[in-house]
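Scroll down for the structure; my scribbles are underneath it.
Chain letters run A, B, ... following the sequence lines, proteins first, then strands; residues in each count from 1. Because the structure is predicted, anything quoted here is derived from the model rather than measured. FYI, side chains are in, hydrogens and waters are out, and symmetry mates aren't considered; it's all heavy atoms of this structure.
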Amino acid sequence: MKELAKTYNPKDTENAIYQKWEASGFFNPDNLEKASDRFWNAEVFSIAMPPPNITAVLHLGSALFLTIEDIMTRYARMSGKKTLWLPGTDHAAIATNSVVERQIWEQEKKSLHDIGREEFLRRVEEFISQTRGRIQVQIRAMGSSCDWSREKYTFSPELSVAVRTIFKKFYDAGLIYRGERIVNWCPHDGTTLADDEVEYRPTQGQLYYIRYHLTQGKGVLTVATTRPETMLGDTALAVHPQDPRYKQYVGQHVMLPIVNRELPVVADEEVDREFGSGVLKVTPGHDPHDFEIGKRHNLETINLFTPEGKINEQEAYDHGFEEFANLTAPEARAKIVQALTEAGFLEKTESLTHNVGVCYRCENIVEPIVSKQWFVDVNKKIKLNRDKFQSLLKLPAEASLREIGTASVKSGAIKIIPERFGKIYLQWMDNLHDWNISRQIWFGHRIPVWYCDNCGETIVAVDAPQTCSSCGKNQLTQDPDTLDTWFSSSLWTFSTLGWPKETVDLMTYHPTTILETGYDILFFWVARMILMTGFALEDIPFHTVYLHGLVRDLKGKKMSKSKGNVVNPLDMIEKYGTDALRLSLILGTTPGNDSKTSETKIQNYRNFVNKLWNISRFILSSSSDEKTWPGPAAPDPQTLADQWILSQLDILTAKVRSSLDAYQYSLAGELLETFTWTDLADWYVEVSKVEKGKGTILKYLLGELLKLWHPFIPFVTEQLWSQFSPEFLMIQPYPQAQTAKNTKELGEKFLKLQQLISGLRNLRAEYHQPPAPIFASYLELLPQFEWLKEQTALIEKLARVKLNLEAVDATKKMPYFLWENQRVYLIMPNFDPDKELMLAEKELKITEILRKKFAAQLNKKDFASKAPAEVVATLQRNFAEAEERAKKLKTKLESLR
RNA sequence: GGUCACUUAGCUCAGUUGGUUAGAGCGUCUGCUUUACACGCAGAAGGUCGCUGGUUCAAAUCCAGCAGUGACCACCA
């Protein structure tokens with residue numbers, strides 16, 4: 001066996017270990033059966049990895065999800081489940097599109113139109129071929145035990161078939177339609193966005209009050225607006241039907257200032273009487289509400305802006321505002337405001353903070369425009385064919401996508417962790433509108449719809465048709481739009497398993513066991529997966545959703561390059577090792593809550609990993625016997641310490657398992673950390689230096705501990721395990737707690753021993769004695785502490801005393817402390833009565849507070865009768881002890897004064 | 001406006017059905033080349049659990065109100 005280095009150096013081992021794991025084939029569940037028969041007919045565990053963007057670089061958020069999912073996966077695998085963690089990447093249509101577009105602009109000063117669609121897509125492929133693989137390397141660096149043989153990519157030919165297939169299925173069921181709607185338009189990215197892809201930012205703006213004069217008579221209606229330029233597209237004014245101020249004007253007409261176009265005044269419930277003047281200018285082409293009002297009152301829609309965000313020239317000529325043609329919105333606004341002011345139409349302005357919608361990707365202001373787009377209808381009822389699904393979700397024979405989405409969670413079929421996100425999910429489902437799925441960017445899944453140039457027929461097909469199904473001509477043009485990225489990623493749990501083919505994988509691993517992802521994409525992704533799977537398979541995509549929080553910096557800020565607060569996980573791996581990084585992301589965090597991290601935290605866990613390394617180094621080098629693992633059965637304990645540590649391990653095993661089963665990874669890690677550092681290293685390893693012949697027990701403890709730790713810190717544990725076993729740690733059975741053990745009494749005895757040793761150490765430290773000298777100590781042996789006799793050697797060595805289990809002549813003044821209400825003397829030079837006095841007073845103060853507290857509680861009315869007997873008994877005992885202790889401390893004080 | 005969180009030691013956070021003296025790590029202070037580890041060892045200090053009420057024999061924990069912080073959703077003419 002090689003000597004282990006004094007400090008653990010992750011760089012020397014991590015890559016090699018990962019390669020061994022990968023070569024072993026055990027990431028692939030098909031191979032597990034060959035490794036051990038305990039995987040035969042085993043329960044299945046599957047996770048679909050949330051696919052990172054193909055262009056992505058690993059950040060702490062991805063490091064976090066990779067760690068959590070790897071813990072889940074490794075724990076399941078070691079527990080004997082047939083475990084699949086399926087990795088992959090997302091083509092990230094908009095993100096990739098804009099990265100490449102920007103690159104081309106920066107390098108060649110060419111726009112998309114300069115280079116054309118085909119050439120652009122070629123460039124995207126070229127770009128991806130360069131970046132592809134980078135993210136895979138980084139996923140490996142995190143130690144992720146995912147099955148690379150099943151790796152998928154949302155834009156691969158197979159997954160594209162799944163996308164087109166489901167599009168057609170939706171279309172045939174009448175759930176996908178094309179319609180003219182008001183949609184969110186990002187002039188920067190040149191595409192529409194789904195409602196939840198628009199973010200709202202509070203913005204300081206002006207509220208302009210504009211006068212509209214009646215065409216008949218003398219009245220004036222004043223309208224308040226933040227977007228005066230949109231008045232060019234006004235086709236009516238609206239008031240609330242019950243508003244007494246304006247009732248009389250309904251049905252009359254006003255003159256649109258500057259443009260001089262006649263507009264009707266209509267009554268509509270939608271108008272908020274409280275806002276501004278209570279009169280609303282209706283611009284159906286530029287506001288979702290106005291669009292609806294326009295439909296209700298048959299108003300004309302003026303398409304005010306071009307896709308580039310400029311005033312539409314054609315509409316300007318058609319509707320009499322050609323002087324504004326081709327101006328951008330801000331230019332138009334300035335010109336309008338000036339014209340209004342000069343002509344006396346502007347009554348006043350007020351400043352106002354309002355929310356402005358911006359694109360979630362590029363943060364540019366989103367313009368609502370009217371456009372012909374593809375939508376998924378979320379409210380149309382479809383017939384459900386699978387009884388099992390219907391009864392699982394407690395749904396009637398017909399249900400809409402929205403109802404499926406709601407029922408999936410409400411019925412308990414899908415469990416969301418933490419629970420509070422279930423409510424948020426349901427609220428979102430309640431507000432769900434039809435989903436705009438068409439995008440005007442070039443990179444992405446092309447909408448599988450063709451139009452016949454001859455007869456205008458619309459053909460929806462999985463594979464490109466050669467001829468028109470209606471007229472038979474072969475002049476067909478495909479719809480130019482592409483699909484929303486989330487459309488393809490919402491198929492992820494089943495498209496990755498071979499759907500639409502009925503594969504063995506699909507039957508084996510779907511529905512997946514758990515979906516682990518960030519709460520920030522609950523709507524974008526999780527909700528849509530539920531809708532898509534509900535329709536396509538009439539099934540749920542997963543049984544459980546585990547949501548993690550965002551990783552922030554120490555000040556709680558989101559990490560971003562511009563803020564300069566980014567912690568790069570690859571740098572951290574380089575400096576401290578993957579295991580340390582993993583621990584820093586898991587410990588001290590809870591599901592669904594944001595966590596803060598810092599380099600110091602990672603450094604601390606590097607220290608811990610090194611501690612584990614050194615414990616192992618001690619264990620493996622201190623025993624001269626064979627460096628083999630003694631096997632899974634616990635060795636027989638010889639001493640109190642043996643009994644104690646073995647029972648502690650047992651308790652630990654049970655708690656770690658139950659924590660992992662409850663997704664409490666932080667708790668499990670903390671339990672392991674305390675056991676490793678405090679119980680094992682600080683106590684038992686020290687004990688083993690006194691009580692010899694513990695080689696077998698130590699190795700057993702180490703072996704079990706490495707197994708328990710493995711899902712958290714796979715590299716260092718595998719490396720250490722390889723020191724005494726030729727097998728892989730990653731497929732060892734996860735430890736089971738032995739049940740029938742009388743652990744409580746053992747625990748208490750050893751705890752008393754620890755208190756005695758700590759008491760001695762404490763007294764010594766209070767007297768500022770160097771740790772080296774050995775002092776005599778006296779403790780009268782009472783019958784109930786007979787067992788102390790056997791522990792003398794331990795006490796003497798660990799507290800550095802010569803222990804005399806006999807009474808001492810107490811007439812001489814010497815330092816003592818109370819242990820189990822017994823005096824324990826420590827004979828040190830320089831007895832200091834003042835110091836003793838101070839120590840005793842301090843302790844008495846604490847004891848008195850306790851004593852009074854216990855007494856008060858005991859004397860409370862109804863306590864004895866209402867509290868459980870056990871609680872009462874414990875309290876009585878504690879009170880008696882505190883009283884006794886206080887009495888003894890008082891005696892001590894008197895003797896010192 | 002609606003919903004949901006959070007507020008515990010100087011800092012970062014645990015605290016799982018209410019029950020002995022509220023925990024951990026870092027940081028701070030004291031002392032240590034104790035032969036696995038200074039990425040270490042021993043010891044110590046530090047908290048009226050945001051505030052005010054209520055329920056209960058018993059509240060950090062349950063309820064109500066208030067204050068502060070944050071998130072999400074809707075609206076924002």
State, yes or no, whether a side-chain contact exists between A:H354 and A:Q204 at a heavy-atom distance under 4.5 Å.
no
Donor-acceptor pair, A:N614 side chain versus A:K6 backbone, under 3.5 Å?
yes
B:A14 phosphate, OP1 or OP2: any side-chain N/O from A:T590 under 4.0 angstrom?
yes
A:K845 vs A:E843, test: salt bridge (Lys or Arg N to Asp or Glu O under 4.0 Å). Steps then yes/no.
CA-CA 5 Å; A:K845 212 169 126 192; A:E843 214 191 332; over 6 Å; no
Mind listing the N/O atom pairs, protein and nucleotides 2-10 of chain B, below 3.5 Å?
| from | atom 1 | to | atom 2 | distance (Å) |
| --- | --- | --- | --- | --- |
| B:C4 | OP1 | A:K423 | NZ | 3.3 |

List the residues meeting salt bridge (Lys or Arg N to Asp or Glu O under 4.0 Å) with A:E292, not counting sequence neighbours, and say none if there are none.
none
side-chain N/O A:S758 vs B:G43 OP1/OP2, d < 4.0 Å
yes
Using the C1' atom in both, what is the distance from B:G40 to B:U17, to the nearest Å?
41 Å
By the 4.0 Å heavy-atom rule, please label A:S277 as base, sugar-phosphate, or nothing.
nothing
Assign each of A:F275 and A:L667 the nucleotide of RNA chain B bearing its closest heavy atom; nearer the 5' end lies the nucleotide of A:L667
Give me the distance, rounded to whole Å, that separates B:A64 from B:A22 when you measure between the C1' atoms they each carry.
25 Å
Looking at residues at least two apart in the chain, or sitting in another chain, which of them share a salt bridge (Lys or Arg N to Asp or Glu O under 4.0 Å) with A:K835?
none
Could you give the distance separating B:U33 and B:U28 at their C1' atoms, to the nearest angstrom?
24 Å
Got a sec, which residues hit side chain to side chain contact (heavy atoms under 4.5 Å, CB included) with A:A855, two or more places apart in sequence or on another chain?
A:N859, A:F879
I need the CD1-C1' distance between A:I846 and B:G46, as an integer number of Å.
13 Å
Between B:U30 and B:A67, how far apart are the C1' atoms? Round to whole Å, please.
41 Å
Under 3.5 Å, is there a donor-acceptor pair between the A:Y209 and A:E350 side chains?
yes
Do the side-chain N or O atoms of A:K601 get closer than 4.0 angstrom to the phosphate oxygens (OP1, OP2) of B:C13?
no
Can you list every stem that RNA chain B is part of, counting only runs of 3 or more consecutive Watson-Crick or G-U wobble pairs with both distances under 3.5 Å?
B:1-7 with B:67-73, B:10-13 with B:23-26, B:28-32 with B:40-44, B:50-54 with B:62-66
With rounding to the closest Å, how many angstrom separate the P atoms on B:U7 and B:C13?
10 Å
All N/O pairs under 3.5 Å across the protein-nucleotides 36-40 of chain B interface:
| from | atom 1 | to | atom 2 | distance (Å) |
| --- | --- | --- | --- | --- |
| B:A36 | O3' | A:R617 | NH2 | 3.1 |
| B:A36 | O2' | A:N614 | OD1 | 2.3 |
| B:A36 | O2' | A:R617 | NE | 3.2 |
| B:A36 | O2' | A:R617 | NH2 | 2.8 |
| B:A36 | N7 | A:K689 | NZ | 3.2 |
| B:A36 | N6 | A:A681 | O | 3.4 |
| B:A36 | N6 | A:E686 | OE2 | 2.9 |
| B:A36 | N3 | A:N614 | O | 3.2 |
| B:C37 | O4' | A:N614 | OD1 | 2.9 |
| B:C37 | O4' | A:N614 | ND2 | 3.4 |
| B:C37 | O2' | A:N610 | ND2 | 3.4 |
| B:C37 | O2 | A:K611 | NZ | 3.0 |
| B:C37 | N3 | A:K611 | NZ | 2.7 |
| B:A38 | OP1 | A:K6 | NZ | 3.4 |
| B:C39 | O4' | A:N607 | OD1 | 2.7 |
| B:C39 | O2' | A:N610 | ND2 | 3.0 |
| B:C39 | O2 | A:R606 | NE | 3.2 |
| B:G40 | O3' | A:K611 | NZ | 3.0 |

Going by atom types only, do A:D243 and A:Y249 share a side-chain donor-acceptor pair under 3.5 Å?
no
Is the distance between the ring centroids of A:F675 and A:Y684 under 6.0 Å?
no
B/S/- contact track for nucleotides 54-62 of chain B, protein heavy atom under 4.0 Å
---BS----
Take A:Q719 and A:Y8 through the test side chain to side chain donor-acceptor pair (under 3.5 Å) and record every step on the way to the result.
CA-CA 10 Å; A:Q719 175 67 15; A:Y8 173 56; over 6 Å; no
Proximal nucleotide (of B:A14, B:C26, B:C73) relative to the A:N431 side chain:
B:C73
Describe the nucleic acid contact of A:T874 in one word from base, sugar-phosphate, nothing, applying a heavy-atom distance below 4.0 Å.
base
Mind checking what makes salt bridge (Lys or Arg N to Asp or Glu O under 4.0 Å) contact with A:E270, not counting sequence neighbours?
A:R296
Given atom CD of A:Q204 and atom P of B:C76, what is their separation to the nearest angstrom?
19 Å
A:L426 atom CG is separated from B:A74 atom C1', nearest whole Å, by 17 Å
Grab the NE2-P distance between A:H548 and B:C13 for me, whole Å please.
16 Å
Counting any heavy atom closer than 4.0 Å, what does A:L522 reach on the DNA or RNA strands: base, sugar-phosphate only, or nothing?
nothing
Tell me the interatomic distance from A:K852, atom NZ, to B:U21, atom C1', rounded to whole angstroms.
16 Å
By nearest-nucleotide position on RNA chain B, the 5'-leaning member of A:Y200 and A:H768 is A:H768
To the nearest Å, give me how far apart CZ (A:F817) and P (B:A44) are.
12 Å
Tell me which pairs pass ring pair (Phe, Tyr, Trp, His ring centres under 6.0 Å) where either residue lies in residues 272-294 of chain A, with sequence neighbours left out.
A:H286-A:F305
Looking at residues at least two apart in the chain, or sitting in another chain, which of them share a side chain to side chain contact (heavy atoms under 4.5 Å, CB included) with A:S658?
none
Write down the distance between CZ (A:F421) and C1' (B:C73), rounded to a whole number of angstrom.
13 Å
Against the side chain of A:H289, the closest entry in B:C72, B:A42, B:C75 is B:C75
If the P atom of B:U52 is compared with that of B:U8, how far apart are they to the nearest Å?
16 Å
Have a look at A:K842 and say if it touches a base, only the backbone sugar-phosphate, or nothing, with a 4.0 Å heavy-atom cut-off.
sugar-phosphate
How would you list, by chain and number, every residue that makes a salt bridge (Lys or Arg N to Asp or Glu O under 4.0 Å) with A:R528, sequence neighbours excluded?
A:D196
Of all residues at least two apart in sequence or in a different chain, which pass the side chain to side chain contact (heavy atoms under 4.5 Å, CB included) check with A:E836?
A:L763, A:Y767, A:P815, A:F831, A:L839, A:K892, A:L896
Between B:C49 and B:A60, how far is it from one P atom to the other, in whole Å?
7 Å
Roughly how far apart, to the nearest Å, are B:G18 and B:C62 at atom C1'?
8 Å
Report the distance from atom CZ of A:R877 to atom C1' of B:U21, rounded to the nearest whole Å.
14 Å
Just by modelled atom types, is the A:L550 backbone N or O under 3.5 Å from a matching donor or acceptor in the A:D594 side chain?
yes
